[in-house]
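All values reported here derive from a predicted model rather than from experimental measurement.
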Amino acid sequence: RNTCFQEKTPMIKIMVLLHAAQGRDWQTPPKGTSLKTLGEAEEQGLIEIRGEFQKRQFRLTQRGFAMVEHDRGRLAARRS
């Protein structure tokens with residue numbers, strides 16, 4: 001077993017983070033969001049991060065906003 005290899009965050013966790021965002025303004029991440037999830041969402045160009053420790057904030061990038069809007073539309077279409 002390779003202990004150096006870190007598994008990627010499941011996309012579902014990143015989508016939960018994106019769906020929790022209130023618009024595109026700077027905001028506190030949802031309680032329990034790991035640094036790993038934030039880091040991977042930032043790496044994928046979906047969010048920006050600023051601040052340290054308890055003051056950490058995130059906001060959706062245009063790409064992240066478009067992705068969550070598309071997903072909301074897809075979910076609405078499934079319900080109707």
Side-chain angles (χ1 to χ4, degrees):
R1 185 170 181 221
N2 187 351
T3 54
C4 296
F5 178 76
Q6 275 200 320
E7 287 193 36
K8 288 185 72 60
T9 301
M11 194 61 195
I12 188 83
K13 287 188 176 184
I14 292 173
M15 290 308 292
V16 166
L17 172 66
L18 299 185
H19 276 272
Q22 304 294 315
R24 294 198 54 210
D25 294 331
W26 288 106
Q27 55 205 282
T28 305
K31 194 171 170 69
T33 304
S34 72
L35 287 178
K36 188 173 156 194
T37 300
L38 288 168
E40 288 196 22
E42 184 179 45
E43 220 172 75
Q44 292 178 31
L46 302 173
I47 65 168
E48 293 176 87
I49 301 171
R50 73 174 182 191
E52 296 293 320
F53 308 110
Q54 276 73 28
K55 292 186 168 75
R56 185 168 276 113
Q57 294 184 312
F58 82 104
R59 70 176 175 189
L60 296 177
T61 60
Q62 185 57 48
R63 181 172 181 228
F65 185 76
M67 187 173 187
V68 82
E69 288 298 298
H70 172 79
D71 198 50
R72 283 187 177 129
R74 185 185 62 78
L75 292 170
R78 275 181 51 193
R79 283 193 292 266
S80 61

| query | With sequence neighbours left out, which residue pairs that include part of residues 23-32 fulfil the side chain to side chain donor-acceptor pair (under 3.5 Å) condition? | reply | Arg24-Gln62
| task | Would you give the length of the straight line joining atom OG1 of Thr61 to atom CG of Leu46, rounded to the nearest 0.5 angstrom? | result | 5.5 Å
| remark: By side chain to side chain donor-acceptor pair (under 3.5 Å), Glu43 pairs with (sequence neighbours left out) none
| Are any of the side-chain heavy atoms of Leu60 and Glu69 separated by less than 4.5 Å? | no
| message | Could you tell me if the side chain of Val16 sits less than 4.5 Å from the side chain of Thr33, heavy atoms only? | response | no
| message | Take a 6.0 Å sphere around CG of Leu75 and say whether it holds more than 12 heavy atoms from other residues, nucleotides or ligands. | response | yes
| request: Any chance you could measure Arg72, atom CZ, to Met67, atom CE, to the nearest 0.5 Å? | output: 12.5 Å
| Got Arg59 and Arg50 here, is their nearest side-chain heavy-atom distance under 4.5 Å? | no
| Minimal non-hydrogen separation, Phe58 against Pro30, with atom names | CE2-CD, 4.2 Å
| task | Check Ala41 against Ile14 and note the closest heavy-atom contact, atom names and distance. | result | CB-CG2, 4.0 Å
| said: To the nearest 0.5 Å, what is the distance between CG on Leu38 and CG on Leu17? | reply: 5.5 Å
| remark: Distance col, row Lys13:NZ vs Glu40:CD, nearest 0.5 angstrom, shows 10.0 Å
| task | Report the distance from atom CE of Met11 to atom OG1 of Thr37, rounding to the nearest 0.5 Å. | result | 11.0 Å
| field | Interatomic spacing from CD1 in Ile49 to CD in Glu42 - rounded to 0.5 Å | value | 4.0 Å
| request: Check Arg56 against Pro29 and note the closest heavy-atom contact, atom names and distance. | output: O-CD, 3.4 Å
